[in-house]
Amino acid sequence: MVPKAPVAAEFGRGPKIEHDQSTALAGRQPRQIMSNAPVLNLGGWCTIDGMANGNALHLPACHLVTHCVVVGMTGSGKTGLITVMVEEAIGSGVPVIVIDVKGDLPNLLLTPRNFDSASPLPWAEVTGDAGSAASLESEMTRSQERQKALAAAGIGEPELRKFCDTTSIRVITPGATAGESLHVLSALERRSSRWDTDPESARSALSAALSLVLRLLGRDPDPAKSREHVLLSVFAERRLAAGQNADIGSLMQDLTNPPITQIGALAVNSFLKKRERANLAAALNNLLASPTFCSWRKGTSLDIAEWVAPKNGRTPAVIVSVAHLDEEERALVLGVLLEEILSWVRGLPGSERLKALVVFDEVYGFLPPHPANPPTKRPIVALMKQARAFGVGVVVATQNPMDLDYRALSNAGIWCIGRLQTDADRTRVLDGLAGASQNKNQSEVDLGRTVQRLAPRWFIVKNAHAASVGPVLLNPRQTMSIMRGPMTRNEILQARQARASLEGVELPPISIARPQAVIEMPESVRPKTFAFTDA
């Protein structure tokens, strides 16, 4: 039977085994694992029939190269498991890019260096009068319980200090100043050195940025079919290849006064008439004058190689939080981000070790079944199919498995399944497992019943690298970070300041976005002259 809460609590206090338990799950002896390969301590485990053994589940980081899917209903503990994976990865020297939709994962900023009873207080949820004796006592009790839970996982103050001293947590909030601002169109408006070293990768990032611009204008963003996309791509690439920036103001000038005479085999005026080019230029001008759009053109560049590079001996976790954006804005921004990640991945040398991890918490709506095709779907599918060869793993989590494209998720080698209440969800997950499994003798009926009966913070883990062993039950360890829940913008800013002080660095200055009401252009091509007649 599946362990209930009392058994789970006892199980969590079990001793940490000295050898790598993942070797048994992979069907190999401990000495056959490379000594320098990092392993991730995910928590306690037991057999699928609920027989607790008190051991810790150590997963070789290289197994995540084949990607991981985490599913479970609300309250099943998905975010806690994701947080543990991120902590273990960066603690092992593997950089992580985290996409945060709900606002929970900036909690990674809240990792105290010690068990000082006062350290969690600024982030405690007030249950009574703030500062009252009862409220303080309640928080002290939770802090002590957290300390005991971490000790059960073999984590004490030395481990906390090491984690804080060797990792760097960075939060980026596109369109907001709580975290670092992000220049979403940096592939277009800030020339990258990739145009000199890897033009194919740079061209792919440019295409994604132009697609975003056209989507914002309500025009066809398809790089192959949209004449506007092709024309802007030619103008932008011409400038970037010549060592210039291709800011939107410059592209407006190119639209009204083309620097070339032909696009393909057609004259520019035949490819896109003057009136249509003028309308496009006027629409771009309106976009530049938009305060919302202006906030997307300030801040750090979208440079994945720079993001994942260790600095001052610290392994980075970069959290891109879009919880403050609406659904359409999230899809647009994350589409550009994921395309940039895909371009970066394709420029890496091949590897069997895990060199980086991409984590997407709550992928619902961004990877839907056919025929839906948001801008995030293509790069996610491509990453699930191709990133393995380059040593980059992908972890996706959702509470809505019915609304995912399981043709993509069947590429995942590791599944972590929390409690699922509906028959439709369980069936969909089992279908996905069937596509990824090498063990065809596993009873899907028994597995479905187990999923239905799981207690909170318990997961069935099925690892394709351990097909001969079969699934096991996992109870994730206590997170080192304080799980505050969704954080407000002010809380993120305060937490970033505290973390920067801990790391001994200064936060970048807040960049105030101001719309460009007037574009400095030659008089002959200013907006008042845009109403051309067709040639």
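Residues: numbered from 1 along the sequence shown. Quick caveat: nothing in here was measured; it's all calculated off a predicted structure.
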Query raised in the report: Would Glu228 and Arg219 count as a salt bridge (Lys or Arg N to Asp or Glu O under 4.0 Å) if you check the C-alpha gap in whole Å, the side-chain angles of each, and the deciding distance to 0.1 Å?
Result: CA-CA 8 Å; Glu228 294 165 325; Arg219 298 170 185 247; 2.5 Å; yes
**Report entry** Arg190-Ser301 side chain donor-acceptor pair, cut-off 3.5 Å
**Finding:** yes
Report task. Using distance alone, with no hydrogens and no angle criterion, decide if Arg388 and Asn411 have a side-chain donor and acceptor under 3.5 Å apart. Result -> no
Query raised in the report: Any luck finding a side-chain donor-acceptor pair between Glu87 and Thr479 under 3.5 Å?
Result: no
Report task. Indicate the ring-plane relationship of His63 and His465, choosing parallel, tilted or perpendicular according to the 30° and 60° boundaries. Result -> parallel
Query raised in the report: Distance only, no hydrogens: is a donor on one side chain within 3.5 Å (strictly under) of an acceptor on the other, for Asp196 and Ser193?
Result: no
Query raised in the report: Between the side chains of Lys102 and Thr79, does any donor sit under 3.5 Å from an acceptor?
Result: yes
**Report entry** Cationic N near anionic O, under 4.0 Å, Arg346 to Glu200
**Finding:** no
Query raised in the report: Once you round to the nearest 0.5 Å, how far does CD1 of Ile90 lie from OG1 of Thr167?
Result: 4.5 Å
Query raised in the report: What distance separates Asp220 CG from Arg227 CZ, expressed to the nearest 0.5 Å?
Result: 10.0 Å
Query raised in the report: Out of curiosity, Gln399 CD to Tyr364 OH, how far, rounded to the nearest 0.5 Å?
Result: 9.5 Å
Query raised in the report: With a 3.5 Å cut-off and no angle check, do the side chains of His183 and Thr300 form a donor-acceptor pair?
Result: no
**Report entry** Pairs where residues 318-332 contributes a residue and the test salt bridge (Lys or Arg N to Asp or Glu O under 4.0 Å) is met, not counting sequence neighbours
**Finding:** none
**Report entry** Pairwise distance CZ(Arg426) to CE(Met402) - rounded to 0.5 angstrom
**Finding:** 12.5 Å
Query raised in the report: Near Arg191 CZ, under 6.0 Å, is it more than 12 heavy atoms from other residues, nucleotides or ligands?
Result: yes
Query raised in the report: Does Gln244 CD have over 12 foreign heavy atoms under 6.0 Å away?
Result: yes
Query - Cationic N near anionic O, under 4.0 Å, Lys311 to Glu306 - result: yes
